[in-house]
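The next block holds one structure in the form of structure tokens; read it before the comments.
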Amino acid sequence: MNISLSRYLVEEQRAKGKITPELRLLLEVVARACKSISHSVNKGALGGVLGSAGSENVQGEVQKKLDIIANEVLIEANEWGGHLAAMASEEMDSIHLVPNRYPQGEYLLLFDPLDGSSNIDVNVSIGTIFSVLRKPEGGIDVSEADFLQAGQHQVAAGYCVYGPQTTLVLTVGDGVAMFTLDREQGSFVLTQEKISIPADTKEFAINMSNMRHWDEPVQRYIGECLQGVEGPRGKDFNMRWIASMVADVHRILTRGGVFMYPWDKREPHKPGKLRLMYEANPMSWLVEQAGGAATNGKQRILDIQPSQLHERVSVILGSKSEVDRVTHYHQSAQR
Ligand code: AHM
Ligand code: MG
């Protein structure tokens, strides 16, 4: 018998007590929004959704039409349900409060509406990443400061990858579950549970074109992988780089591997390229829930106390022994 996302969530709420009814509703709405984004992605040129929107986001990146469409879909879907207090997005400078005409809930939703924007126009997998936090108790008005919580405080996290299949991957702190969109039924169906990332791997993902800009510990790790059976690792490695974090992390959750977008010398004042609160945090929690690890080279990503909504971070995540090794190389370089 098929288990739908709705049924899975009801069980997490009723039998396991892992989530509240409000969080269940919130996740159902996020999934519905992802379904709608998936339809737009699938239409491609026929839906007039490809190409640039001619604007820039707060990070100075050119926005694609789909970045904006996906952002609007998520906002409109989540505004009125009564379970949210505010939202934050890669595509919006500041937080979006739930309008006064709707009831205010106790959760905060953060998202990268369309991750892998450079892949939109070339028909390569892209996705939506989301993270849910609880609004701190006390204050009535929600402010950006309420969002600045370490990743370990997330109450739900996930992504939806729009590839050959549309797959929603979710954790509420009870392992990682994957749901495939059944297009005929229009519902997400549970297709894998208790995802576990193998501790060891022979596959790494990094943008090799940045090699000359990396720091010494990353040079050392990748250099050793490249030496293959003749080198200190004594085995050959394979490489993948999709340039959509969702797709790269999806591969790692499926068959293991290590993903890195480290700090580099191109823009030394920035701690990394990827954003902590709506990219690295949700992905790190998913990876940890599947038995993997995630660090910035120095510390566990989920322990980082954010100081800004759009803060960036260096990311090393995936199979535990490899992440531990890269982290250890950073620590010995520091000493
Ligand atoms: P985006 O959120 O604007 O799409 O940027 C994030 C993406 C990640 O999905 C991916 O890992 C990385 O940027 C790819 O960057 P690069 O083109 O430098 O390899
Ligand atoms: Mg992104």
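Remember, it's 1-based here, ligands and their atoms both numbered in the order they're listed.
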Charged N to carboxylate O under 4.0 angstrom, [X] versus [Y]?
| X | Y | answer |
| --- | --- | --- |
| Glu22 | Lys135 | no |
| Glu28 | Arg32 | no |
| Arg220 | Glu224 | yes |

Looking at [X], which of its N, O or S atoms is the nearest one to the Mg ion (ligand 2)?
| X | result |
| --- | --- |
| Asp115 | OD1 |
| Asp112 | OD2 |
| Glu279 | OE2 |

| request: Could I get the full list of side chain to side chain donor-acceptor pair (under 3.5 Å) partners for Thr20, not counting sequence neighbours? | output: Tyr107
| said: As a test of reading the model: which residues have a non-hydrogen atom less than 4.0 Å away from ligand 1? | reply: Glu61, Glu90, Asp112, Asp115, Gly116, Ser117, Asn207, Trp241, Ala243, Ser244, Met245, Phe259, Tyr261, Lys273, Leu274, Arg275, Glu279
| Is the distance between the ring centroids of Phe259 and Trp241 under 6.0 Å? | yes
| request: Determine whether Pro268 and Trp263 make a side-chain contact, defined as any pair of heavy atoms from C-beta on separated by less than 4.5 Å. | output: yes
| query | Got a donor-acceptor contact below 3.5 angstrom from the Glu72 side chain to the Ile69 backbone? | reply | no
